Participant: 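Mind looking over this structure? Questions follow.
Computed from a predicted structure; not experimentally measured. Quick note: numbers below take in every heavy atom, side chains included, and nothing from hydrogens, waters or symmetry partners.
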Amino acid sequence: MVSVLQNVAIDCADAYELARFWSGVTGSPLDPEDGPGAPEVQVTLPEGPLLHFNQVPEAKTTKNRIHLCLRPETSREEEVERLLGLGATLVTDRRQPDGSGWAVLADPEGNEFCVLRSGSDHAAMSP
C-alpha cells in the first residue's frame, strides 16, 4: 500500500487572492465553488495534485522548507518577467552567464518558488 499525493497545501493570509495569483502563474482555474473571503481555495492543475490555499492567522516568518519549482513553456527569462508582472518579487538570482541556474521568486505573501530553465533553454545549451 502507498499514499497518493492529494494536494500541496499553502498557508496564507488571504486564500482567495493568493490562489488567484497562482491561478495566473499556472494558467489553471480556481475551483468554481471558491470565492472571495473563502478560508480555503483550490487551484485545479491539469495533472498532479491540487494547490490548496489555507487561510491562517499567523504570518510567514521564515524561509520555506518545501517550495514549488516551475519549468516554463517559454524561456526562463520571459517567464520570470511575466511572473514579476503578476506580482511576484525576485528573491535570489541564481542564473549563471552560461544559461544554467534558476531564479528564486516569492509570491505576494512571501512564499518562495523557483523558475528553472525551460526545455528550449536547456536544448540551446546542449552541444
Participant: Taking all non-hydrogen atoms of both residues, which atom of G87 and which atom of P108 are closest, and how far apart?
Facilitator: O-CG, 3.9 Å

Participant: How long is the gap from CD on E40 to CG on D34, to the nearest 0.5 Å?
Facilitator: 8.5 Å

Participant: Can you name the nearest heavy-atom pair linking P29 to S23, along with the distance?
Facilitator: CA-OG, 4.0 Å

Participant: So, T44 side chain and D31 main chain: donor-acceptor pair closer than 3.5 Å or not?
Facilitator: no

Participant: Minimum heavy-atom separation for L50 to Q42, with atom names?
Facilitator: CD1-OE1, 3.3 Å

Participant: Apart from V41 itself, what residues make up its hydrophobic cluster, given side-chain heavy atom links below 4.5 Å?
Facilitator: V8, I10, Y16, L18, F21, W22, V25, L30, V43, L45, L51, F53, L68, L70, V80, L83, L84, L86, L90, L105, F113, V115

Participant: Are the side chains of E112 and K63 in touch, meaning some heavy atoms are under 4.5 Å apart?
Facilitator: yes

Participant: For Q96, is the CD atom crowded, meaning more than 12 foreign heavy atoms sit under 6.0 Å from it?
Facilitator: yes

Participant: Looking only at heavy atoms, what is the nearest atom pair of A103 and R95, with distance?
Facilitator: CB-NE, 4.1 Å

Participant: Looking at E58, I'd like to know if its CD atom is crowded, meaning that more than 12 non-hydrogen atoms belonging to other residues, nucleotides or ligands lie closer than 6.0 Å.
Facilitator: yes

Participant: Roughly how far apart are R117 CZ and E77 CD, rounded to 0.5 Å?
Facilitator: 11.0 Å

Participant: Quick one: pull up SG in C114 and CZ in R71 and give me the separation to the nearest 0.5 Å.
Facilitator: 11.0 Å

Participant: Are more than 12 heavy atoms, taken from residues, nucleotides or ligands other than R76, located less than 6.0 Å from that residue's CZ atom?
Facilitator: yes

Participant: Just checking L5: does its CG atom have more than 12 heavy atoms from other residues, nucleotides or ligands closer to it than 6.0 angstrom?
Facilitator: yes

Participant: Looking at E73, E79, E78, which hits side chain to side chain donor-acceptor pair (under 3.5 Å) with S75?
Facilitator: E78

Participant: Restricting to non-hydrogen atoms, name the atom on P39 and the atom on A15 that form the minimum distance, rounded to 0.1 Å.
Facilitator: O-CB, 3.7 Å

